[in-house]
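Each chain gets a letter, A, B and so on, in the order its sequence line appears, and its residues count up from 1.
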Protein chains: 2
Amino acid sequence: MENSAENVRSQMRKGVLEYCILSILDKKEAYASSILEELKAANMIVVEGTLYPLLIRQKNQGLLSYRWEESTQGPPRKYYCITDKGRQQLGEMDTAWQEIVDTIKTIKEK
Amino acid sequence: MENSAENVRSQMRKGVLEYCILSILDKKEAYASSILEELKAANMIVVEGTLYPLLIRQKNQGLLSYRWEESTQGPPRKYYCITDKGRQQLGEMDTAWQEIVDTIKTIKEK
DNA sequence: TTAGGTACTTTGTCTTGCAAGGTATTTAAA
DNA sequence: TTTAAATACCTTGCAAGACAAAGTACCTAA
């Protein structure tokens with residue numbers, strides 16, 4: 001029911017995942033499994049059941065688009081790429097993130 | 001259904017609220033309305049319907065305790081105060097928060 | 001033709017945030 | 001004296017998101 005340390009991290013991840021996805025795709029297009037790897041490499045543990053629905057949501061919101069591409073090493077891959085609308089939202093997220101970081105700083109310092 | 005800018009902020013706030021509460025109460029005891037004011041002052045908009053259940057949850061987890069105190073200016077106040085267990089969890093949250101900040105930095109820089 | 005790897009998807013549960021509405025106490029005006 | 005306003009705290013019902021677990025599909029090589 002509660003695994004303190006891991007649960008704490010899990011809760012905090014909420015809300016920044018979308019920001020991470022857009023940031024990753026702002027650099028270059030990528031397919032789900034590779035995004036998953038980059039997130040894990042950056043210490044942001046996510047699982048498939050979280051990532052796939054999230055990508056679909058962002059695509060439905062017009063923040064992402066995708067195209068299928070054959071792979072030489074298995075089934076075809078769905079390459080996602082950020083849209084203009086996605087880039088605009090990413091800008092808002094950059095601001096929002098900075099605000100939250102500052103808010104925490106304010107609360108801790110006072 | 002969607003108010004982009006505000007929605008973005010709202011999503012990101014998720015998961016850091018508990019951290020904010022513990023941080024505030026780590027400095028000195030306080031009652032709900034005053035916590036609400038401090039959060040608003042720090043730009044972390046929260047509403048009563050979010051804060052009260054959260055305080056109750058943290059109290060039930062043994063992270064907080066409280067005592068009633070009469071007020072000269074209205075109804076009695078429920079003063080919350082952080083417990084040893086709460087301080088321990090706050091330590092874990094400090095680490096988790098720093099990790100997430102670093103993760104975002106890593107993703108953005110690469 | 002079967003096993004293993006790669007990749008994408010769905011379902012059900014739990015937690016959290018929030019809008020909206022409710023209860024209770026005190027003080028001061030009408 | 002009753003009414004209104006301010007201060008506090010609490011509850012209900014809904015929506016969104018994270019995750020575990022299970023499922024589907026494609027490809028390659030033994």
If you check the [X] side chain, which of [options] turns out closest?
X       : options                : answer
A:Thr50 : D:dT11, D:dC19, D:dC10 : D:dC19
B:Val47 : C:dC8, C:dT16, C:dA19  : C:dA19
A:Ala32 : D:dA8, C:dC8, C:dC18   : C:dC8
B:Tyr52 : D:dC10, C:dT9, D:dG17  : D:dC10

Mind calculating the distance between [atom1] ([X]) and [atom2] ([N]) to the nearest angstrom?
X       : N      : atom1 : atom2 : value
A:Ile35 : C:dT9  : CD1   : P     : 12 Å
A:Leu51 : C:dC8  : CG    : P     : 9 Å
B:Leu36 : C:dC18 : CG    : C1'   : 13 Å
A:Leu55 : D:dG17 : CG    : P     : 13 Å
A:Glu48 : D:dA22 : CD    : C1'   : 11 Å
B:Tyr31 : C:dT25 : OH    : C1'   : 14 Å
A:Arg77 : C:dT9  : CZ    : P     : 14 Å
A:Leu39 : D:dC19 : CG    : C1'   : 15 Å

Check your understanding: When clusters are formed by joining ILVMFWY residues with side-chain heavy atoms under 4.5 Å apart, either directly or through shared neighbours, do A:Ile24 and A:Leu51 land in the same one?
Key -> yes

**Study point:** Contact list for DNA chain C against residues 62-75 of chain B - heavy-atom distance below 4.0 Å
**Key:**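 Nucleic-acid contacts, sorted: B:Thr72, B:Gly74, B:Pro75.
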
Whether [Y] and [X] form a salt bridge (side-chain N of Lys/Arg under 4.0 Å from carboxylate O of Asp/Glu) is what I want to check.
X        : Y       : result
B:Lys108 : A:Asp26 : no
A:Arg67  : A:Glu69 : yes
A:Glu38  : A:Lys27 : yes

Revision key, fill the gap. With B:Leu36 as partner, the option from B:Val46, B:Thr50, B:Ile45, B:Val47 fulfilling side-chain contact (heavy atoms from CB on, under 4.5 Å) is B:Val46

Exercise for review: Using the salt bridge (charged side-chain N to carboxylate O under 4.0 Å, His left out) rule, take A:Lys78 and A:Glu29 through it: C-alpha gap first, then chi angles, then the decisive distance, then the call.
Suggested key: CA-CA 10 Å; A:Lys78 209 171 179 177; A:Glu29 62 173 10; over 6 Å; no

Check your understanding: Counting just side-chain N and O atoms, does B:Arg57 come under 4.0 Å of either OP1 or OP2 of D:dC10?
Key -> no

Point to revise | Gap between atom CD1 of A:Ile21 and atom CG of A:Leu39 - 0.5 Å precision | key: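 CD1 of A:Ile21 is found 5.0 Å from CG of A:Leu39.
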
Practice item. Under 4.0 Å between any heavy atoms, over every strand shown, what does A:Glu18 touch: base, sugar-phosphate, or nothing? Just pick one. Key: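 Since only primed, P, OP1 and OP2 atoms lie under 4.0 Å of A:Glu18, the category is sugar-phosphate.
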
**Study point:** Most 5' of A:Gly49 and A:Pro76 on DNA chain C, judged by nearest nucleotide
**Key:**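 Its nucleotide being nearer the 5' end, the pick is A:Pro76.
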
